[in-house]
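One structure is given below, encoded as C-alpha coordinates.
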Number of protein chains: 2
Amino acid sequence: MSLSGDEEEEVLSLLRSAGDRVTTPRRLLVRSLFEAAGHRTAEELAAEIQARAPDVSISTVYRNLEELERLGVVTHSHLGHGPASYHLASAAHGHLVCRKCDAHVEIAEGFFADLRRRAIAEFGFAIDPHHFAVIGLCAGCQAETEDPGDITAG
Amino acid sequence: MSLSGDEEEEVLSLLRSAGDRVTTPRRLLVRSLFEAAGHRTAEELAAEIQARAPDVSISTVYRNLEELERLGVVTHSHLGHGPASYHLASAAHGHLVCRKCDAHVEIAEGFFADLRRRAIAEFGFAIDPHHFAVIGLCAGCQAETEDPGDITAG
DNA sequence: CTATTTGCAAAATGTTTGCAATCCG
DNA sequence: CGGATTGCAAACATTTTGCAAATAG
(Lines give C-alpha, C1' and ligand atoms only; values in the text may rest on other atoms or scores of the structure.)
Protein backbone atom coordinates (compact mmCIF):
# COMPACT_ATOMS: atom_id res chain seq x y z
CA MET A 1 0.00 0.00 0.00
CA SER A 2 2.81 2.41 0.71
CA LEU A 3 4.84 0.67 -1.98
CA SER A 4 2.81 2.40 -4.63
CA GLY A 5 3.01 5.66 -2.72
CA ASP A 6 5.98 6.81 -4.78
CA GLU A 7 4.21 6.23 -8.04
CA GLU A 8 1.15 7.95 -6.71
CA GLU A 9 3.24 11.00 -5.86
CA GLU A 10 4.72 10.94 -9.34
CA VAL A 11 1.27 11.17 -10.84
CA LEU A 12 0.36 14.04 -8.54
CA SER A 13 3.54 15.84 -9.59
CA LEU A 14 2.70 15.25 -13.19
CA LEU A 15 -0.68 16.85 -12.58
CA ARG A 16 0.97 19.85 -10.95
CA SER A 17 3.48 20.26 -13.75
CA ALA A 18 0.65 20.16 -16.25
CA GLY A 19 -0.81 23.15 -14.42
CA ASP A 20 -3.56 21.08 -12.82
CA ARG A 21 -4.41 21.38 -9.15
CA VAL A 22 -4.16 18.53 -6.73
CA THR A 23 -7.55 18.19 -5.13
CA THR A 24 -9.08 15.62 -2.82
CA PRO A 25 -11.08 13.91 -5.58
CA ARG A 26 -7.93 13.67 -7.70
CA ARG A 27 -5.84 12.35 -4.87
CA LEU A 28 -8.42 9.69 -4.09
CA LEU A 29 -8.83 8.69 -7.71
CA VAL A 30 -5.11 8.19 -8.14
CA ARG A 31 -5.04 6.27 -4.88
CA SER A 32 -7.82 3.98 -6.08
CA LEU A 33 -6.15 3.39 -9.39
CA PHE A 34 -2.95 2.27 -7.71
CA GLU A 35 -4.60 0.37 -4.91
CA ALA A 36 -5.87 -2.47 -7.03
CA ALA A 37 -4.47 -3.43 -10.39
CA GLY A 38 -7.64 -4.57 -12.16
CA HIS A 39 -10.01 -2.71 -14.41
CA ARG A 40 -12.74 -0.71 -12.89
CA THR A 41 -15.63 1.19 -14.33
CA ALA A 42 -16.10 4.86 -13.55
CA GLU A 43 -18.94 3.85 -11.27
CA GLU A 44 -16.80 1.37 -9.33
CA LEU A 45 -14.03 3.92 -8.94
CA ALA A 46 -16.56 6.46 -7.78
CA ALA A 47 -17.81 4.01 -5.15
CA GLU A 48 -14.28 3.45 -3.82
CA ILE A 49 -13.68 7.16 -3.69
CA GLN A 50 -17.04 7.85 -2.06
CA ALA A 51 -16.20 5.38 0.69
CA ARG A 52 -13.60 7.96 1.71
CA ALA A 53 -15.20 11.19 0.60
CA PRO A 54 -18.92 10.63 0.25
CA ASP A 55 -19.80 13.54 -1.92
CA VAL A 56 -17.32 13.25 -4.69
CA SER A 57 -19.60 13.02 -7.68
CA ILE A 58 -19.31 10.67 -10.58
CA SER A 59 -19.00 13.53 -13.04
CA THR A 60 -15.83 14.57 -11.25
CA VAL A 61 -14.56 11.03 -11.61
CA TYR A 62 -15.25 11.11 -15.33
CA ARG A 63 -13.62 14.50 -15.71
CA ASN A 64 -10.52 13.40 -13.87
CA LEU A 65 -10.24 10.10 -15.68
CA GLU A 66 -10.34 12.08 -18.88
CA GLU A 67 -7.58 14.37 -17.68
CA LEU A 68 -5.43 11.47 -16.50
CA GLU A 69 -5.97 9.82 -19.83
CA ARG A 70 -4.87 12.97 -21.61
CA LEU A 71 -1.71 12.90 -19.51
CA GLY A 72 -1.08 9.29 -20.43
CA VAL A 73 -1.54 7.94 -16.91
CA VAL A 74 -4.81 6.13 -17.52
CA THR A 75 -6.27 4.12 -20.36
CA HIS A 76 -9.77 2.92 -20.90
CA SER A 77 -10.91 -0.08 -22.81
CA HIS A 78 -14.19 -1.52 -23.90
CA LEU A 79 -14.56 -5.10 -22.82
CA GLY A 80 -18.15 -5.60 -23.84
CA HIS A 81 -21.39 -3.74 -24.22
CA GLY A 82 -21.39 -2.22 -20.76
CA PRO A 83 -19.45 0.70 -19.31
CA ALA A 84 -15.79 1.31 -20.16
CA SER A 85 -13.00 -0.07 -17.97
CA TYR A 86 -10.25 2.15 -16.67
CA HIS A 87 -6.77 1.20 -15.53
CA LEU A 88 -3.24 2.50 -15.36
CA ALA A 89 -1.70 2.88 -18.78
CA SER A 90 1.47 1.26 -17.49
CA ALA A 91 -0.54 -1.93 -17.00
CA ALA A 92 -1.85 -1.96 -20.56
CA HIS A 93 -2.65 -5.34 -21.96
CA GLY A 94 -5.01 -6.98 -24.40
CA HIS A 95 -8.25 -8.73 -23.60
CA LEU A 96 -10.09 -11.75 -24.88
CA VAL A 97 -13.72 -11.71 -23.84
CA CYS A 98 -16.09 -14.63 -24.26
CA ARG A 99 -19.33 -13.48 -25.81
CA LYS A 100 -21.22 -16.32 -24.21
CA CYS A 101 -20.10 -16.47 -20.59
CA ASP A 102 -18.29 -13.15 -20.40
CA ALA A 103 -15.10 -14.77 -19.14
CA HIS A 104 -12.11 -12.65 -19.85
CA VAL A 105 -8.45 -13.36 -20.28
CA GLU A 106 -5.78 -10.71 -20.11
CA ILE A 107 -3.13 -11.18 -22.71
CA ALA A 108 0.40 -9.90 -22.88
CA GLU A 109 1.64 -7.16 -25.09
CA GLY A 110 3.76 -9.48 -27.21
CA PHE A 111 0.75 -11.39 -28.36
CA PHE A 112 -0.07 -8.58 -30.75
CA ALA A 113 3.46 -7.86 -31.92
CA ASP A 114 3.06 -9.59 -35.23
CA LEU A 115 -0.34 -8.03 -35.91
CA ARG A 116 1.12 -4.65 -35.11
CA ARG A 117 4.02 -5.22 -37.48
CA ARG A 118 1.74 -6.21 -40.30
CA ALA A 119 -0.71 -3.36 -39.70
CA ILE A 120 2.17 -0.93 -40.08
CA ALA A 121 3.61 -2.68 -43.11
CA GLU A 122 0.36 -3.09 -44.99
CA PHE A 123 -1.70 -0.11 -43.94
CA GLY A 124 0.64 2.30 -42.21
CA PHE A 125 -1.53 1.90 -39.13
CA ALA A 126 -0.03 1.93 -35.63
CA ILE A 127 -2.54 -0.16 -33.74
CA ASP A 128 -3.39 0.04 -30.08
CA PRO A 129 -4.54 -3.48 -29.36
CA HIS A 130 -5.76 -2.59 -25.89
CA HIS A 131 -8.60 -0.29 -26.59
CA PHE A 132 -11.20 -2.78 -27.66
CA ALA A 133 -11.37 -6.32 -26.42
CA VAL A 134 -11.19 -9.16 -28.89
CA ILE A 135 -14.49 -10.97 -28.68
CA GLY A 136 -14.78 -14.69 -29.15
CA LEU A 137 -15.78 -17.95 -27.55
CA CYS A 138 -13.83 -19.45 -24.70
CA ALA A 139 -12.96 -23.14 -24.74
CA GLY A 140 -15.88 -24.10 -22.52
CA CYS A 141 -18.45 -22.25 -24.53
CA GLN A 142 -17.13 -23.57 -27.83
CA ALA A 143 -17.81 -27.07 -26.58
CA GLU A 144 -21.42 -26.19 -25.78
CA THR A 145 -22.15 -24.61 -29.14
CA GLU A 146 -22.27 -25.63 -32.76
CA ASP A 147 -21.98 -21.96 -33.71
CA PRO A 148 -18.42 -21.24 -34.79
CA GLY A 149 -16.45 -18.35 -33.38
CA ASP A 150 -16.18 -16.83 -36.81
CA ILE A 151 -18.88 -16.69 -39.43
CA THR A 152 -16.58 -16.55 -42.41
CA ALA A 153 -13.91 -19.03 -41.38
CA GLY A 154 -13.24 -22.20 -43.33
CA MET B 1 -30.36 -4.01 -57.55
CA SER B 2 -32.33 -7.07 -58.69
CA LEU B 3 -29.11 -9.06 -58.56
CA SER B 4 -29.37 -9.19 -54.80
CA GLY B 5 -33.05 -10.02 -55.04
CA ASP B 6 -32.35 -13.72 -54.75
CA GLU B 7 -30.33 -13.31 -51.61
CA GLU B 8 -32.98 -11.05 -50.17
CA GLU B 9 -35.58 -13.72 -50.78
CA GLU B 10 -33.35 -16.27 -49.11
CA VAL B 11 -33.26 -14.16 -45.98
CA LEU B 12 -37.03 -13.76 -46.03
CA SER B 13 -37.39 -17.53 -46.35
CA LEU B 14 -35.01 -18.01 -43.48
CA LEU B 15 -37.21 -15.76 -41.39
CA ARG B 16 -40.30 -17.74 -42.35
CA SER B 17 -38.66 -21.05 -41.57
CA ALA B 18 -37.64 -19.71 -38.17
CA GLY B 19 -41.32 -19.12 -37.50
CA ASP B 20 -41.00 -15.37 -37.93
CA ARG B 21 -43.42 -13.38 -40.01
CA VAL B 22 -42.44 -11.36 -43.04
CA THR B 23 -43.62 -7.84 -42.43
CA THR B 24 -43.08 -4.58 -44.25
CA PRO B 25 -40.47 -3.29 -41.80
CA ARG B 26 -38.56 -6.58 -42.11
CA ARG B 27 -38.73 -6.59 -45.87
CA LEU B 28 -37.42 -3.04 -46.01
CA LEU B 29 -34.66 -3.67 -43.53
CA VAL B 30 -33.41 -6.65 -45.52
CA ARG B 31 -33.64 -4.59 -48.68
CA SER B 32 -31.58 -1.78 -47.13
CA LEU B 33 -28.96 -4.19 -45.89
CA PHE B 34 -28.48 -5.65 -49.36
CA GLU B 35 -28.78 -2.38 -51.22
CA ALA B 36 -25.48 -0.94 -50.07
CA ALA B 37 -22.60 -2.98 -48.77
CA GLY B 38 -21.18 -0.61 -46.15
CA HIS B 39 -21.83 -0.39 -42.44
CA ARG B 40 -24.77 1.54 -41.25
CA THR B 41 -25.99 2.49 -37.80
CA ALA B 42 -29.47 1.58 -36.69
CA GLU B 43 -30.39 5.22 -37.14
CA GLU B 44 -29.13 5.31 -40.72
CA LEU B 45 -30.95 2.12 -41.57
CA ALA B 46 -34.09 3.52 -40.00
CA ALA B 47 -33.77 6.63 -42.17
CA GLU B 48 -33.48 4.54 -45.34
CA ILE B 49 -36.47 2.49 -44.32
CA GLN B 50 -38.49 5.54 -43.35
CA ALA B 51 -37.89 7.02 -46.80
CA ARG B 52 -40.13 4.18 -48.00
CA ALA B 53 -42.40 3.64 -45.03
CA PRO B 54 -42.36 6.77 -42.89
CA ASP B 55 -43.66 5.36 -39.69
CA VAL B 56 -41.45 2.39 -39.17
CA SER B 57 -39.96 3.16 -35.81
CA ILE B 58 -36.37 2.82 -34.76
CA SER B 59 -37.26 0.38 -32.03
CA THR B 60 -38.59 -1.96 -34.71
CA VAL B 61 -35.32 -1.58 -36.55
CA TYR B 62 -33.40 -2.52 -33.42
CA ARG B 63 -35.67 -5.46 -32.74
CA ASN B 64 -35.30 -6.77 -36.26
CA LEU B 65 -31.57 -6.27 -36.39
CA GLU B 66 -31.40 -8.30 -33.22
CA GLU B 67 -33.46 -11.07 -34.75
CA LEU B 68 -31.42 -11.09 -37.97
CA GLU B 69 -28.31 -11.23 -35.88
CA ARG B 70 -29.69 -14.19 -33.98
CA LEU B 71 -30.29 -15.91 -37.32
CA GLY B 72 -26.72 -15.20 -38.40
CA VAL B 73 -27.69 -12.85 -41.24
CA VAL B 74 -26.42 -9.66 -39.65
CA THR B 75 -23.43 -8.71 -37.56
CA HIS B 76 -22.74 -5.57 -35.67
CA SER B 77 -19.41 -4.09 -34.79
CA HIS B 78 -18.18 -1.22 -32.70
CA LEU B 79 -15.94 1.05 -34.68
CA GLY B 80 -15.54 3.78 -32.11
CA HIS B 81 -17.38 5.45 -29.30
CA GLY B 82 -20.55 6.13 -31.23
CA PRO B 83 -23.41 3.86 -32.23
CA ALA B 84 -22.85 0.29 -33.43
CA SER B 85 -22.48 -0.50 -37.14
CA TYR B 86 -24.55 -3.19 -38.76
CA HIS B 87 -23.84 -5.14 -41.93
CA LEU B 88 -24.40 -8.51 -43.53
CA ALA B 89 -22.55 -11.26 -41.75
CA SER B 90 -21.44 -12.60 -45.12
CA ALA B 91 -19.45 -9.41 -45.61
CA ALA B 92 -17.65 -9.71 -42.29
CA HIS B 93 -14.24 -8.12 -42.12
CA GLY B 94 -11.94 -6.45 -39.64
CA HIS B 95 -11.53 -2.74 -39.06
CA LEU B 96 -8.69 -0.42 -38.27
CA VAL B 97 -9.94 2.90 -36.98
CA CYS B 98 -7.75 5.94 -36.46
CA ARG B 99 -8.37 7.45 -33.06
CA LYS B 100 -7.31 10.88 -34.28
CA CYS B 101 -9.04 11.43 -37.60
CA ASP B 102 -11.51 8.57 -37.49
CA ALA B 103 -10.35 7.18 -40.83
CA HIS B 104 -11.13 3.55 -41.16
CA VAL B 105 -9.66 0.74 -43.18
CA GLU B 106 -11.45 -2.52 -43.78
CA ILE B 107 -9.16 -5.45 -43.58
CA ALA B 108 -9.48 -8.94 -44.94
CA GLU B 109 -10.21 -12.01 -42.96
CA GLY B 110 -6.77 -13.50 -43.51
CA PHE B 111 -5.11 -10.67 -41.70
CA PHE B 112 -6.19 -12.17 -38.40
CA ALA B 113 -5.51 -15.80 -39.26
CA ASP B 114 -2.32 -15.98 -37.28
CA LEU B 115 -3.77 -14.18 -34.26
CA ARG B 116 -6.71 -16.55 -34.35
CA ARG B 117 -4.42 -19.57 -34.49
CA ARG B 118 -2.43 -18.38 -31.52
CA ALA B 119 -5.50 -17.44 -29.50
CA ILE B 120 -6.75 -20.99 -29.89
CA ALA B 121 -3.38 -22.54 -29.17
CA GLU B 122 -2.56 -20.46 -26.11
CA PHE B 123 -5.93 -19.72 -24.57
CA GLY B 124 -8.44 -22.02 -26.23
CA PHE B 125 -10.23 -18.89 -27.40
CA ALA B 126 -11.96 -18.77 -30.78
CA ILE B 127 -11.76 -15.08 -31.56
CA ASP B 128 -14.14 -13.06 -33.68
CA PRO B 129 -11.89 -10.29 -34.93
CA HIS B 130 -14.79 -8.36 -36.44
CA HIS B 131 -16.75 -7.36 -33.45
CA PHE B 132 -14.58 -4.59 -32.14
CA ALA B 133 -12.44 -2.40 -34.32
CA VAL B 134 -8.72 -2.22 -33.71
CA ILE B 135 -7.96 1.35 -32.71
CA GLY B 136 -4.73 3.05 -33.65
CA LEU B 137 -3.18 5.92 -35.54
CA CYS B 138 -3.22 6.10 -39.30
CA ALA B 139 -0.06 7.02 -41.19
CA GLY B 140 -1.05 10.66 -41.56
CA CYS B 141 -1.86 11.16 -37.91
CA GLN B 142 1.30 9.40 -36.76
CA ALA B 143 3.30 11.98 -38.66
CA GLU B 144 1.49 14.82 -36.89
CA THR B 145 1.98 13.42 -33.39
CA GLU B 146 4.83 12.59 -31.10
CA ASP B 147 2.46 10.36 -29.13
CA PRO B 148 3.16 6.75 -30.05
CA GLY B 149 0.41 4.38 -31.12
CA ASP B 150 1.16 2.19 -28.15
CA ILE B 151 2.03 3.30 -24.66
CA THR B 152 3.96 0.22 -23.72
CA ALA B 153 5.89 -0.43 -26.92
CA GLY B 154 9.64 -0.18 -26.98
C1' DC C 1 -7.36 36.76 -4.92
C1' DT C 2 -8.85 34.39 -8.99
C1' DA C 3 -8.73 30.69 -12.13
C1' DT C 4 -9.59 25.92 -11.63
C1' DT C 5 -12.34 22.46 -9.91
C1' DT C 6 -16.25 20.75 -7.85
C1' DG C 7 -21.28 19.03 -6.90
C1' DC C 8 -25.55 18.86 -8.50
C1' DA C 9 -29.07 18.53 -11.75
C1' DA C 10 -30.19 18.30 -16.28
C1' DA C 11 -29.09 17.06 -21.08
C1' DA C 12 -27.35 14.03 -24.45
C1' DT C 13 -26.66 9.64 -26.59
C1' DG C 14 -27.70 4.99 -27.83
C1' DT C 15 -30.59 1.22 -26.88
C1' DT C 16 -34.41 -1.37 -24.63
C1' DT C 17 -39.02 -2.10 -22.90
C1' DG C 18 -44.29 -1.94 -21.84
C1' DC C 19 -48.40 -1.96 -23.92
C1' DA C 20 -52.41 -1.35 -26.76
C1' DA C 21 -53.30 -1.44 -31.62
C1' DT C 22 -52.26 -3.73 -35.99
C1' DC C 23 -51.17 -7.26 -39.15
C1' DC C 24 -49.57 -11.99 -41.00
C1' DG C 25 -50.69 -16.42 -41.93
C1' DC D 1 -59.14 -15.49 -35.64
C1' DG D 2 -54.92 -15.47 -32.46
C1' DG D 3 -50.45 -14.83 -31.65
C1' DA D 4 -46.49 -12.23 -33.54
C1' DT D 5 -45.19 -7.68 -34.52
C1' DT D 6 -45.56 -2.96 -34.55
C1' DG D 7 -45.50 2.24 -33.11
C1' DC D 8 -45.22 5.14 -29.61
C1' DA D 9 -43.64 6.92 -25.46
C1' DA D 10 -41.29 6.23 -21.65
C1' DA D 11 -37.43 3.93 -19.29
C1' DC D 12 -32.72 2.85 -19.22
C1' DA D 13 -27.61 3.04 -18.99
C1' DT D 14 -23.62 5.59 -19.67
C1' DT D 15 -21.39 9.77 -20.27
C1' DT D 16 -21.32 14.86 -20.84
C1' DT D 17 -22.46 19.57 -19.79
C1' DG D 18 -23.98 24.19 -17.48
C1' DC D 19 -23.53 26.77 -13.72
C1' DA D 20 -23.06 28.68 -9.18
C1' DA D 21 -20.42 27.60 -5.05
C1' DA D 22 -16.03 25.93 -3.11
C1' DT D 23 -11.07 25.71 -3.10
C1' DA D 24 -5.95 25.29 -4.43
C1' DG D 25 -2.00 27.79 -4.96
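We name chains A, B, ... by the order of the sequence lines, and we start the count at 1 in each one.
Without hydrogens or angle criteria, B:Glu69 side chain to B:His76 main chain gives a donor-acceptor distance under 3.5 Å. A distance-only check finds no donor-acceptor pair linking the side chain of B:Glu48 to the backbone of B:Arg31 [under 3.5 Å].
Side-chain nitrogen and oxygen atoms of B:Thr23 include at least one within less than 4.0 Å of the OP1 or OP2 phosphate oxygen of D:dT6. Phosphate proximity of C:dC23 to B:Arg21: absent, as no side-chain N or O sits under 4.0 Å from OP1 or OP2. Checking the phosphate oxygens (OP1, OP2) of C:dC8, no side-chain nitrogen or oxygen of A:Ser57 falls inside 4.0 Å.
Side-chain proximity of B:Pro25 to the nucleotides C:dT6, C:dG14, D:dG7 is greatest for D:dG7. When each of D:dT5, D:dT14, D:dG25 is scored by its nearest atom to the side-chain atoms of B:Asp20, the top-ranked nucleotide is D:dT5. For B:Tyr62, whose side chain is taken as the heavy atoms from C-beta onward, the closest listed nucleotide among C:dT15, C:dT5, D:dT14 is C:dT15. Minimum atom distance to the side chain of B:Ser59 is reached by C:dT16, of the listed C:dT16, C:dG7, C:dC24.
Nucleic acid contact class of A:Ala84 (heavy atoms, under 4.0 Å, all strands): sugar-phosphate only. Backbone-only contact: B:Arg26 has heavy atoms under 4.0 Å from sugar-phosphate atoms and none from a base.
Put simply, CD on B:Gln50 is 9 Å from P on D:dG7, counting in whole angstrom units. B:His81 has its NE2 atom 12 Å from the P atom of C:dG14, to the nearest Å. Between A:Asn64 atom CG and D:dT16 atom C1' there is a gap of 14 Å when expressed in whole angstrom units. One can place CG of A:Leu65 at 10 Å from P of D:dT16, the figure rounded to the nearest angstrom. Distance CG (A:Asp55) to P (D:dA21): 17 Å, rounded to an integer number of Å.
B:His39 and B:Glu44 are not linked by any side-chain donor-acceptor pair at a separation below 3.5 angstrom, with hydrogens and angles left out of the test.
Judged by closest nucleotide on DNA chain C, B:Gly82 is the one of B:Gly82 and B:Arg27 placed further toward the 5' end. Along DNA chain C, the nucleotide closest to B:Arg16 and the one closest to B:Thr41 are compared, and the more 5′ of them pairs with B:Thr41.
Atom CD of A:Glu66 is surrounded by 12 or fewer heavy atoms from other residues, nucleotides or ligands within 6.0 Å.
Of the charged side-chain nitrogens involved, none lies within less than 4.0 Å of a carboxylate oxygen, so that A:Glu67 and A:Arg21 do not count as a salt-bridged pair.
Under 3.5 Å, the side chain of B:Arg63 and the base of D:dG7 form at least one donor-acceptor pair of N or O atoms.
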